[in-house]
Protein chains: 2
Amino acid sequence: MAAAVRTSVWLDGKTARSRKADQPAGGLDREKITDATVRLLDSEGLAKFSMRRLAAALGVTAMSVYWYVDTKDDLLELALDQVMGELDLPDESVDAWRDEIRHLAVSYRKVLVGHPWISPLVGEFLNVGPHATAFSAAVLNVMTRTGLPPHGQAGGIASVFQFVYGFGTVEGHFRDRCARAGMTQDEYFRHAMSAVSRNADTKANIERSRAMMEARGGETVEDMRDRDFEFALELLIAGIEAMREHTS
Amino acid sequence: MAAAVRTSVWLDGKTARSRKADQPAGGLDREKITDATVRLLDSEGLAKFSMRRLAAALGVTAMSVYWYVDTKDDLLELALDQVMGELDLPDESVDAWRDEIRHLAVSYRKVLVGHPWISPLVGEFLNVGPHATAFSAAVLNVMTRTGLPPHGQAGGIASVFQFVYGFGTVEGHFRDRCARAGMTQDEYFRHAMSAVSRNADTKANIERSRAMMEARGGETVEDMRDRDFEFALELLIAGIEAMREHTS
DNA sequence: ACCTGAACACCGTTCAAGT
DNA sequence: ACCTGAACACCGTTCAAGT
């Protein structure tokens with residue numbers, strides 16, 4: 001019975017149909033379908049994506065896609081791993097673990113913000129496609145070189161990359177929301193702030209956080225977020241350094 | 001035009017219809033609807049929740065709910081803030097910021113894992129309901145007492161609570177997935193591990209991470225995760241301590 | 001004031017049929 | 001081998017109508 005549980009396209013999905021070499025192009029294949037899926041998800045978002053819209057974009061009937069893919073979820077897993085391929089993995093170096101962590105974190109943030117639809121998918125699927133696997137390997141590799149004790153390395157990975165996941169998710173959603181409302185991030189931010197200030201419950205909070213915002217500085221929403229991200233990342237690296245001696 | 005942008009039920013949604021005091025109960029109201037929504041989301045998950053199922057659970061026609069709520073999204077915001085009320089906010093104490101952070105982080109994790117459907121909603125909505133606001137206030141408050149320089153306090157908040165968000169999201173989804181497959185977490189974990197080991201791409205990674213897993217110890221999936229969470233949290237606190245002297 | 005029913009424009013997926 | 005068409009069991013939401 002355990003064998004009947006579906007885990008992931010990558011583990012028990014059907015493999016890609018190999019295109020006949022002599023085929024005059026024109027026809028579908030898994031790659032074309034995945035490309036079109038990513039394009040649609042980037043432009044319209046996860047909520048508006050459907051098998052029927054995808055089929056229309058491919059100039060084909062709704063059911064054709066099912067020849068290449070078992071379910072919508074399998075297709076989303078394929079799209080997810082495709083954009084995970086945009087992650088820029090550092091060359092292995094012997095000693096520069098701090099720079100490698102910064103590099104991986106910055107790159108992961110960029111992918112999350114550039115393709116906000118992946119956030120729920122990262123949470124939902126096992127995320128074991130080839131690109132996700134390469135990323136995991138790079139993360140694992142750098143963590144073994146930090147000097148953290150072995151029993152803390154998984155926790156170290158979690159602290160850095162779950163932080164980036166959370167940060168990138170919220171950032172990506174906010175950008176998306178602004179774009180959908182037809183406003184810049186700064187316009188939307190001002191609009192929300194003034195709505196919040198008019199509300200009795202939230203008003204006090206805003207006033208308390210204003211001091212914090214002013215201390216942080218930054219002209220735009222984007223500036224503020226960059227500063228927060230950078231500070232948090234240095235905090236995490238300092239945390240790793242502090243925990244290196246720590247046993248049990 | 002900016003005024004036409006919908007931000008949140010809490011800011012520009014219609015307010016709750018006040019129930020007539022003399023009404024013989026039996027009738028609907030916003031509270032009953034929100035309670036039923038949370039119950040359904042807990043038992044069936046976000047994907048299966050629908051206005052029609054909710055109406056059926058309330059013994060009422062699909063459209064009745066729309067008398068109390070503008071859209072499904074508004075209802076989800078109400079449900080989200082309701083479970084945010086389960087967060088256990090610490091009493092303000094003068095000096096014990098470390099314990100307060102631990103307390104808030106543990107409580108937030110618990111809510112995320114107990115109601116996995118909130119993760120996408122936290123990302124999607126502004127999250128400015130009364131309970132979410134109280135939580136933000138508590139977080140803000142404790143961060144000002146860490147000794148972090150003002151320009152780093154927003155980054156400090158992000159590092160801790162985006163980490164918890166990411167961690168709790170993945171943990172909650174995994175538990176959900178196991179329950180839906182009718183397996184315990186340990187059964188599902190073994191199943192996925194063996195599937196991953198059979199796959200050429202992911203096999204090498206597994207072997208590399210096995211050493212890390214053994215060092216960490218722990219009998220069950222849940223044990224392992226608790227250890228990782230605790231280590232990561234101490235790492236974050238150590239990071240805050242290290243950044244206290246840090247200016248710009 | 002509160003609730004219903006029919007309707008519109010959608011979904012993912014199955015299944016039998018075409019070429 | 002690949003693609004289509006019709007059908008099933010769903011969605012959120014509008015709108016006019018009932019009590």
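This is a predicted model, so every value here is computed, not measured. So that the names make sense, note that chain A is the first sequence line, chain B the second, and so on, each numbered from 1.
- Checking the phosphate oxygens (OP1, OP2) of D:dC15, no side-chain nitrogen or oxygen of B:Tyr66 falls inside 4.0 Å.
- Distance CG/A:Leu11 to OG1/B:Thr202: 6.0 Å, rounded to 0.5 Å.
- In this structure, A:Tyr108 and A:Tyr165 have parallel ring planes: the angle between them is below the 30° cut-off, well short of the 60° mark.
- The base-pairing partner of D:dA17, taking Watson-Crick or G-U wobble contacts with both distances under 3.5 Å, does not exist among the strands shown.
- Using a 4.0 Å heavy-atom cutoff across all strands shown, B:Met63 reaches at least one base atom of the nucleic acid.
- If you measure from atom CZ of A:Arg53 to atom P of C:dA9, you get 15 Å, rounded to the nearest angstrom.
- Across the protein-nucleic acid pair, A:Lys32 atom NZ and D:dC2 atom P stand 12 Å apart, rounded to whole Å.
- Atom P of nucleotide C:dG12 and atom OH of A:Tyr68 are separated by 19 Å, given to the nearest angstrom.
- The separation between A:Met51 atom CE and C:dC10 atom C1' is 16 Å, rounded to whole Å.
- As a whole-Å value, the separation of A:Leu46 CG from C:dC11 C1' is 14 Å.
- Between C:dC2 and B:Trp67, a contact under 4.0 Å exists linking OP1 or OP2 to a side-chain N or O.
- Nucleotides C:dC3 and D:dC15, compared at atom C1', are 14 Å apart to the nearest Å.
- For A:Ser50, taking side-chain heavy atoms from C-beta onward, the closest of the listed nucleotides C:dC2, C:dG12, D:dC3 is C:dG12.
- Between B:Asn127 and B:Met84 there is a side-chain heavy-atom pair separated by less than 4.5 Å.
- For the residue pair A:Arg225 and A:Gln185, a side-chain donor N or O sits within less than 3.5 Å of a side-chain acceptor on the partner.
- Using the Watson-Crick or G-U wobble rule with both distances under 3.5 Å, D:dG12 pairs with C:dC8.
- Comparing atom distances between the A:Arg52 side chain and each of D:dC3, C:dT13, C:dT4 picks out C:dT13 as nearest.
- Distances were taken from every side-chain heavy atom of A:Ser64 (C-beta onward) to each of D:dC3, C:dT4, C:dT13; the shortest belongs to D:dC3.
- Contact annotation: B:Thr61 side-chain N/O to C:dC3 OP1/OP2 distance is not under 4.0 Å.
- Going from atom CG of A:Leu28 over to atom C1' of D:dT4 covers 13 Å, rounded to whole Å.
- In this structure, NZ of B:Lys14 is placed 12 Å from C1' of C:dC2, rounded to the nearest angstrom.
- Regarding B:Asp70, its CG atom lies at a distance of 15 Å from the P atom of D:dG12, rounded to whole Å.
- Residues satisfying the side chain to side chain donor-acceptor pair (under 3.5 Å) test with B:Asp226, not counting sequence neighbours, are B:Arg109.
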